[in-house]
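Below is one structure, written out as structure tokens, with a few remarks after it.
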2 protein chains.
Amino acid sequence: MKRSLAHIDYKEDTEALAKFAKASGHSTRIAILKHLENQSCCFTGDLVDILPISQSTVSQHLKELKNAGLIQGELKPQKIKYCINQENWKIAKLLFQQFFD
Amino acid sequence: MKRSLAHIDYKEDTEALAKFAKASGHSTRIAILKHLENQSCCFTGDLVDILPISQSTVSQHLKELKNAGLIQGELKPQKIKYCINQENWKIAKLLFQQFFD
DNA sequence: ATTTTTTATCGCAAATGTACGATAGATATT
DNA sequence: AATATCTATCGTACATTTGCGATAAAAAAT
């Protein structure tokens, strides 16, 4: 049986969409997501170099994107790289596409 | 020549997306947008009946959606109906679709 | 082993967001 | 004209968000 998003009921759907949208609702975070889309993965420091805000603030934004499930900190042997969380990204994509039919 | 969103430069694009996402970043507001998508237009009171929050709070949420340009208060002779702002909705749609390619 | 680099977290301040009841203003009904 | 209905706004309280510098903790380089 094929798994689809149709199983998510209206309310969960609404909340999931709101959560993703909220996490995307800051231009710094959109910029981060766009960068990760292009560059696959990168370190916090790479983003700090690009963005006009402090390291601690970048770190906070990353945390929020991570909490929303849109990105993930991939734990390589000794390093942490941030990547798009492909699974949730797919869900967000579907929710938005479906929402904006 | 076909007009496309490619003309919007990166920065505007990012900010527009963030603005739409932020406005959509609350489950009450997603619920309102969904309802307007289904019902075309409706009055504030109709939404107050559906939603589990006070009239003044609904009104505030409508104001935010209006400020973001996602809906518009259509001024019929004596009444105000809220509708999707089709023009901006189309833009938001395109931005999101393009973002989540 | 020490130092440097990298990243997360703490503590704080300021700004913004959420929600409510009360009230005002405007439209519709009687 | 008076009353009822509908909607926006005000004032308030509380919570969350944003941003920073400082610091801590962990990893990498020397």
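What's counted below: heavy atoms across the whole structure, side chains too, no hydrogens, waters or symmetry copies.
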Discussion item. Would you say A:Ser59 places a side-chain N or O within less than 4.0 Å of OP1 or OP2 belonging to C:dT7?
Written reply: no

Practice prompt. Nearest whole angstrom, please: distance from the C1' of D:dT7 to the CD of B:Glu64.
Written response: 17 Å

Worksheet entry | Residue-phosphate contact under 4.0 Å: A:His61 side-chain N/O, C:dT7 OP1/OP2 | no

Worksheet item: How many Å lie between NZ on A:Lys63 and C1' on D:dG19, as a whole number?
Response: 14 Å

Discussion item. Does D:dT17 have its OP1 or OP2 closer than 4.0 Å to a side-chain nitrogen or oxygen of A:Lys22?
Written reply: yes

Worksheet item: What is the distance, rounded to the nearest whole Å, between atom CG of A:Asp46 and atom C1' of C:dT7?
Response: 12 Å

Response to the item:
Shortest non-hydrogen pair, B:Ser27 vs A:Ala18, comes out as N-CB, 3.5 Å

Item to complete: Whole angstrom is fine here: how far is it from CD in B:Gln72 over to P in D:dT7?
Response: 17 Å

Worksheet item: Short question: side chain of A:Ser24, backbone of A:Phe20 - any donor-acceptor pair under 3.5 Å?
Response: yes

Discussion item. Nearest whole Å is fine: how far is D:dA8 C1' from B:Phe43 CZ?
Written reply: 16 Å

Item to complete: Find out whether B:Leu47 and B:His61 are in side-chain contact, i.e. whether some heavy atom of one side chain is under 4.5 Å from a heavy atom of the other.
Response: no

Worksheet entry | Spacing between B:Leu65 atom CG and D:dA8 atom C1', to the nearest angstrom | 15 Å

Worksheet item: Rounded to whole angstroms, how far apart are CD on B:Gln60 and P on C:dC20?
Response: 10 Å

Discussion item. On DNA chain C, does the nearest nucleotide to A:Gln55 precede the nearest nucleotide to B:Ile53 from the 5' side, or the other way round? Give the residue.
Written reply: A:Gln55

Response to the item:
Minimal heavy-atom distance between A:Val48 and A:Gln55, with the atoms involved, is CG2-CA, 3.9 Å

Fill in: Where B:Lys34 and A:Asp13 come nearest, the two heavy atoms and their spacing
NZ-OD2, 3.2 Å

Item to complete: Give the rounded distance in Å between these two atoms: CZ of A:Arg29 and C1' of D:dT16.
Response: 12 Å

Fill in: Residue whose closest nucleotide on DNA chain D lies nearer the 5' end, B:Ser56 versus A:Ser54
B:Ser56

Practice prompt. Establish, with yes or no, whether the OP1 or OP2 oxygen of C:dT16 is under 4.0 angstrom from a side-chain nitrogen or oxygen of B:His26.
Written response: no

